[in-house]
Amino acid sequence: MTTHTSPPDAGTPRGAPLRLPADTPTPLWAAFVFTFLNSVGGMTVTSSGLFFLTKQGYHFSDTMNALLGVLLGVMYIVGAIFASRFPALLRALFPGLSQRGVLGVFMGILALLCAVPMLAQRLDTDKANPNAWPIWTIVLLYTPVTGMLWPIVESYISGGRSATNLRRTIGTWNIVWSSSGIFASFLVAPLVYKHATLVLVCVGFGHLIAGGLLAWFSPQPAAHAEGSHEPHPPVYAKLLVTFRLLLPMSYVVCSSLGPFLPRAAKDLGVAEGSQALIAIAWLLPRVCGFIVMQRWQGWHGRWFVPIVGGAVLVGGFSVAISATKLPPSLGLGALITGLAFFGVGMSIIYSGAIYYAMEVGQADVDAGGTHEALIGVGYMAGPAFGLFAWLAVNQGMLPARVQDDVVLFAVLAVALATGGAVLWRIMSQPKTKQESRGTPDSFGK
């Protein structure tokens, strides 16, 4: 399937924004750049970068970081659940407001919130120990907006596309947003220790630039291109449920790493100015995994894919979180190796979850909202395990030397239980010969 866009008028300068009909897919270059800029913000403010900011810029304890992570997950779930409801409310208040207009409102809100910490710093009398209320404000307000943002963006990415075109588009989109994490790490690392608020201001400018790109967006996401190809195979719906079991588990593991990495990097002798770069050890392999999943179309409809993804992710996490028990000379290598396998597992699970959600869910905002809400569950649960372990240590119920082991055991218990449920589900599915080998449609054209 080929994506068609309306030609510009004769008097429209080359490169000028086009007034696209509502049923026309948004140009991919605009959607991808918009995604990249907002993903840099998401990685910095609501993902692993946040904990380096709070640890080095605001002197948060491990317990405070874990509590912050739990709150972040809760607010992300709230945003994802209201991904279709809140825009509907805005349209009720402002008749004629399009989905593109809703995205513009979101960009303005996010940019303003990124300026709050620097404004607070200007008013703070104790520069060495900045007040932490701006960080809590951002998590309470910035996080739910991003939870509402991504389902709408996903509907723009997948709207008007199906079959091979949809697969390749989603695959490229995964590469775009995941590569932003590497850029965000390089942004955070040199500035986070002495200029944490400047990092957030840079993120805010990124949101403003992304808002300007909306001039190239169609007013509404294009409808799912149903009828232009054969319906998706029945196995897709089964695999969607399977990946929706794995997706929150993967983010339980991922989010438990967020508060752990700054401390692990310090314990293993990584220089303070370079500690934020340790996240690249899993961010780069995740990008590489997404590239393989985008280029190799044969994984669609295959049952072994969720098994491999879950096994690689859990195995990599086990090695990474055990690295601090080794001598620093060996531990750093173990940490990097474990994170690399973990990143590859994340790419496999996410690729399957988003593709089947968009194909089976027909590019609907609610389908994306469910996908993002499951991610929010993982964001919340991972730090919760860490919070319970650190509180138990602080109360004298556990010795400090076993706190990482407790977190590992809790996360592994969830991961193994999820893996067992997935295996049971796969083994109990009556598969046709075609499903076992993958569908003919799954190899691209």
Side-chain angles (χ1 to χ4, degrees), residues 1-5 24-32 34-36 39 150-179 221-244 246-247 250 286-309 344-365 367-368 370-372 374-375 434-445:
M1 175 182 169
T2 302
T3 301
H4 298 283
T5 57
T24 302
T26 292
L28 285 177
W29 73 265
F32 287 161
F34 182 88
T35 293
F36 183 87
S39 293
W150 291 117
I152 299 176
V153 173
E154 287 158 9
S155 68
Y156 270 99
I157 292 293
S158 57
R161 302 175 176 96
S162 57
T164 303
N165 190 19
L166 177 63
R167 285 193 293 274
R168 290 175 177 169
T169 300
I170 290 179
T172 305
W173 183 70
N174 285 335
I175 296 169
V176 169
W177 71 255
S178 61
S179 63
H224 189 68
E226 201 65 61
S228 61
H229 64 102
E230 66 275 14
H232 61 75
V235 69
Y236 279 26
K238 301 174 185 178
L239 281 164
L240 172 61
V241 176
T242 301
F243 275 102
R244 279 184 168 171
L246 289 172
L247 184 66
S250 70
R286 183 177 66 173
V287 174
C288 294
F290 278 134
I291 292 173
V292 172
M293 299 294 280
Q294 194 267 354
R295 300 297 297 174
W296 174 54
Q297 298 292 306
W299 62 270
H300 300 94
R302 300 287 191 110
W303 283 101
F304 76 86
V305 175
I307 298 175
V308 171
V344 171
M346 285 289 290
S347 68
I348 295 172
I349 293 172
Y350 190 93
S351 293
I354 188 64
Y355 171 70
Y356 295 120
M358 291 294 99
E359 183 64 74
V360 177
Q362 300 187 5
D364 186 73
V365 172
T370 301
H371 175 82
E372 297 297 331
L374 291 172
I375 291 175
Q434 183 186 48
E435 287 179 358
S436 300
R437 296 180 305 181
T439 63
D441 179 62
S442 70
F443 291 90
K445 298 174 185 174

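All values below were derived from every heavy atom in this structure, side-chain atoms included, with hydrogens, water molecules and symmetry-related copies excluded. Only a predicted model underlies this, so the values are computations on that prediction, with no experimental measurement involved. Numbers here are sequence positions counted from 1.
- Taking the side chain as every heavy atom from C-beta outward, W303 and K238 approach each other to under 4.5 Å.
- In this structure, M293 CE and I349 CD1 are separated by 10.0 Å, a value rounded to the nearest 0.5 Å.
- Across L28 and T169, no two heavy atoms sit closer than the pair CD2-CG2, 3.6 Å.
- How far CD1 of I354 is from CD1 of I375: 7.5 Å, rounded to the nearest 0.5 Å.
- Between W177 and the options F32, Y350, W150, a ring-ring contact (aromatic ring centres under 6.0 Å, His included) holds for only Y350.
- Once rounded to the nearest 0.5 Å, the distance linking CH2 of W299 with CD1 of I348 reads 10.0 Å.
- Screening Y236, F290, F243 against Y355 for a ring-ring contact (aromatic ring centres under 6.0 Å, His included) leaves a single residue, Y236.
- Put simply, CD1 on I152 and CD1 on I157 are 13.0 Å apart, with the number rounded to the nearest 0.5 Å.
- When all heavy atoms of L240 and A353 are compared, the pair lying nearest together is CD1-O, 4.2 Å.
- Proximity of a side-chain donor or acceptor of Y356 to a complementary backbone N or O of H300 within less than 3.5 Å is not detected.
- Note: R167 CZ to S351 OG = 13.0 Å, rounded to the nearest 0.5 Å.
- The distance from the CZ atom of R244 to the CG atom of L239 is 12.5 Å, given to the nearest 0.5 Å.
- When all heavy atoms of E154 and W173 are compared, the closest pair comes out as CG-CH2, 3.4 Å.
- S347 and R286 make their closest contact through CB-O, 3.4 Å (heavy atoms, listed as atom of the first residue, atom of the second, distance).
- Across L374 and L247, no two heavy atoms sit closer than the pair CB-CD2, 4.1 Å.
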